[in-house]
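Quick notes on the structure that follows.
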Amino acid sequence: MTITQLGTFLKITELNSFSAAADSLGYAQSTVTTQIKQLEEELGCVLFERLGKTISVTASGEKLIEYAEKMLQLERDIRLEVTDEENPGGVLKLGVSESLCISRFPQILMEYNKNYPRTEIRIQFVTHESIPELLQKGELDMVYTLNPLIEDERIEILHKKQEKLGFYAAPAHSMAGKTIREEDLKEVPLLLTGHNCNFRHMLLADLEKQGISPNIVLETSSKEILKQFAAGGFGVAFIPDMTAEAEVKNKKLKRLAWKGADFPVYSQVLIHKDKHMNKAINGLVDIIKQAG
C-alpha cells in the first residue's frame, strides 16, 4: 500500500470516475486501474462496484476513505515538519474566501513565498458551511475567511479582525450623497451575493425584520461582477469594504452613508483544534496578522 495508491483512490471517490481521476492526476487510465487493483488485492476486498460505465464505492471503500485522508494529511505534515527547520518544504492546503483573494491575500501570498520558498500553497475557495468539515477531514490545513464569527467546537480561531460591509453605487447614483437606512432601500435595485453567502443572509434578515421586501436585480457569487454592475449604474451593491477599495480610490464607486443595522463580520484564521502548528502554518499566520 502506497501514498500514491491512496491518493488515486481518493481522487476516484471525489470524481466518481476512473477516467476523470486519471485525467486529473496526469496518469493513463490503465495506471489508475492497476493501482486500485493492487490496493484491493493487498487489502483483500473490493473498493469499487463496477456496473458498466458507472462505479460506486463499496462499504469497504467507504471505511478506507477516512483512513486514506488521514494518511495523506500525515504525509503533508511530515513534509512540512521533518525538513530544514528554517525553510520548511511541502504542501500547505489553504481555504480562502473570495473577498480576501480579491483584496488582501495576494500581497500576503507574495510575502509568504519570499520567506518560505520551499512551501507550496494550494488554494481552495470556501463557503461558511463547508469550513468545519473540510478542516475535520484534513482536506484543508488552515482557513482564512471573511464571515460572521465561526463558532464550532472542532475549530480554533488563531486570529480575527473585525471588518465592514457596505453599500456601494456609482458616484452619479441618486443615493450617492444621502444618508440611508433600511426604509430607503424599498425600491432600490440591489446587487447581492449568491444564496449561500452570509452577507446576503444578514442583509435580507435585517430587511425582513423591518418589513421591507428587497428589489434584487442581480445575484452572483462574484464580487467583481457586482462592482462592475454597480459602477455602471445598475443598482446598489452590498459587499465587503475591502473588495471595493480600488474602485473607491479611482472614483468608480462611492460608499453610501449607512445608518441602519450593523453587520458584524471578521477576517478569521481557523484550524482544526487538534491540528499541529508547524513552522509553515505559524509563518503564514504571522504574516496575516502583520497585514492587519
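Nothing here was measured: the structure is a model prediction, and the numbers come from that model.
- Between Ile36 and Phe9, the closest heavy-atom pair is CD1-CA, 3.8 Å.
- Residue pairs meeting the salt bridge (Lys or Arg N to Asp or Glu O under 4.0 Å) criterion with at least one member in residues 133-142, sequence neighbours excluded, are Glu69-Lys137, Arg76-Asp141, Glu133-Arg154, Lys137-Glu139, Asp141-Lys275.
- Summarising the geometry, atom CG belonging to Leu134 is positioned 5.5 Å from atom CD belonging to Gln124; distances are rounded to the nearest 0.5 Å.
- Side-chain atoms of His201 come within 3.5 Å of backbone N or O of His195 as a donor-acceptor pair.
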Would you tabulate the side-chain donor-acceptor contacts of residues 221-234 under 3.5 Å, counting partners in other chains and residues two or more places apart, or write 'none'?
{"from": "Ser222", "atom 1": "OG", "to": "Glu224", "atom 2": "N", "distance (Å)": "3.4"}
{"from": "Ser222", "atom 1": "OG", "to": "Ile225", "atom 2": "N", "distance (Å)": "3.2"}
{"from": "Lys223", "atom 1": "NZ", "to": "Glu98", "atom 2": "OE1", "distance (Å)": "3.1"}
{"from": "Glu224", "atom 1": "OE2", "to": "Lys227", "atom 2": "NZ", "distance (Å)": "3.3"}
{"from": "Lys227", "atom 1": "NZ", "to": "Thr243", "atom 2": "O", "distance (Å)": "2.6"}
{"from": "Lys227", "atom 1": "NZ", "to": "Glu247", "atom 2": "OE1", "distance (Å)": "3.4"}
{"from": "Lys227", "atom 1": "NZ", "to": "Glu247", "atom 2": "OE2", "distance (Å)": "3.1"}

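- Atom CD of Glu153 sits in a sparse spot, with 12 or fewer heavy atoms from other residues, nucleotides or ligands closer than 6.0 Å.
- Ring orientation note: the planes of Phe167 and Phe238 are tilted relative to one another, at an angle of 30° to 60°.
- Considering all non-hydrogen atoms of both residues, Ser17 and Ser19 come closest at OG-OG, 3.1 Å.
- Two residues are said to be in side-chain contact when any heavy atoms from C-beta on lie closer than 4.5 Å; Lys178 and Leu256 fail this criterion.
- Note that NZ of Lys160 is 12.0 Å distant from CD1 of Ile150, once rounded to the nearest 0.5 Å.
- In this structure, Gln107 places its CD atom where only 12 or fewer heavy-atom neighbours from other residues, nucleotides or ligands lie under 6.0 Å away.
- Residues Leu190 and Leu207 are in side-chain contact: their nearest non-hydrogen atoms beyond the backbone lie under 4.5 Å apart.
- Across all non-hydrogen atoms, the minimal contact from Val265 to Pro148 is CG1-N, 4.1 Å.
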Taking it one step at a time, do Tyr144 and Ile108 satisfy side chain to side chain contact (heavy atoms under 4.5 Å, CB included)?
CA-CA 11 Å; Tyr144 184 33; Ile108 290 172; 3.9 Å; yes
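- Put simply, the side chain of His128 does not reach to within 4.5 Å of the side chain of Thr145, judged on heavy atoms.
- For CG of Asp262, the number of neighbouring non-hydrogen atoms (other residues, nucleotides, ligands) closer than 6.0 Å is 12 at most.
- For Thr119 (side chain) and Gly90 (main-chain N/O), no donor-acceptor pair under 3.5 Å exists by modelled atom type.
- Hydrophobic clustering places Leu100 together with Val285 (ILVMFWY residues linked when any side-chain heavy atoms are closer than 4.5 Å, directly or through intermediates).
- In the hydrophobic cluster analysis, where Ile, Leu, Val, Met, Phe, Trp and Tyr join through side-chain heavy atoms closer than 4.5 angstrom, Ile121 is grouped apart from Val143.
- Checking Thr4 against Thr2 by side-chain atom types alone, no donor-acceptor pair falls below 3.5 Å.
- Closest heavy-atom contact between Ala261 and Glu182: N-OE2, 3.0 Å.
- The shortest side-chain heavy-atom distance between Thr220 and Leu191 does not fall under the 4.5 Å cut-off.
- Within the 4.5 Å cutoff, no side-chain heavy atoms of Thr54 are placed close to those of Asn16.
- Distance check: Leu270 CG to Leu158 CG gives 7.5 Å after rounding to the nearest 0.5 Å.
- The shortest side-chain heavy-atom distance between Phe263 and Asp206 falls under the 4.5 Å cut-off.
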Evaluate side chain to side chain contact (heavy atoms under 4.5 Å, CB included) for Ile123 paired with Leu109, printing each intermediate quantity in order.
CA-CA 10 Å; Ile123 299 171; Leu109 185 58; 4.1 Å; yes
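- Each of Val126 and Ile271 belongs to its own hydrophobic cluster when Ile, Leu, Val, Met, Phe, Trp and Tyr are linked at side-chain heavy-atom distances under 4.5 angstrom.
- Side-chain atoms of Asn278 come within 3.5 Å of backbone N or O of Ala280 as a donor-acceptor pair.
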Using the side chain to side chain contact (heavy atoms under 4.5 Å, CB included) rule, take Ile12 and Gln35 through it: C-alpha gap first, then chi angles, then the decisive distance, then the call.
CA-CA 11 Å; Ile12 295 170; Gln35 288 180 5; over 6 Å; no
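- We find that Glu245 and Lys249 are not joined by a salt bridge, their nearest charged nitrogen and carboxylate oxygen being 4.0 Å or further apart.
- Residues Val46 and Ser60 come closest through the heavy atom pair O-CB, 3.9 Å.
- Rounded to the nearest 0.5 angstrom, Leu146 CG and Phe199 CZ are separated by 4.0 Å.
- Note on Leu192: it clusters hydrophobically with Ile212, by side-chain heavy-atom contacts below 4.5 Å among ILVMFWY residues.
- Note that CG of Leu165 and CZ of Arg200 are 14.5 Å apart. Values are rounded to the nearest 0.5 Å.
- Counting heavy-atom neighbours within 6.0 Å of Glu129 CD, excluding the residue itself, gives a total above 12.
- Thr127 places none of its side-chain heavy atoms less than 4.5 Å from the side chain of Asn147.
- By the neighbour-count criterion of 12 heavy atoms within 6.0 Å, atom CD of Gln210 is densely surrounded, having more than that number from other residues, nucleotides or ligands.
- A single hydrophobic cluster is seen to contain both Leu25 and Val57, as judged by linkage of ILVMFWY side chains at heavy-atom distances under 4.5 Å, directly or through other members.
- Residues Ala244 and Ile239 come closest through the heavy atom pair CB-CD1, 4.0 Å.
- Here the straight-line distance linking atom CG of Asn115 with atom CG of Asp286 works out to 10.0 Å at 0.5 Å rounding.
- Other residues, nucleotides and ligands contribute only 12 or fewer heavy atoms inside 6.0 Å of the CE atom of Met71.
- Formation of a donor-acceptor pair under 3.5 Å by the Gln268 side chain with backbone atoms of Ile157 is not found in this model.
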Decide side chain to side chain contact (heavy atoms under 4.5 Å, CB included) for Leu92 and Tyr112; before the verdict, give the C-alpha distance in whole Å, the side-chain angles of both, and the deciding distance to 0.1 Å.
CA-CA 12 Å; Leu92 188 62; Tyr112 187 81; 4.0 Å; yes
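- Looking only at side-chain heavy atoms (C-beta outward), Asp241 and Glu163 stay at 4.5 Å or farther from each other.
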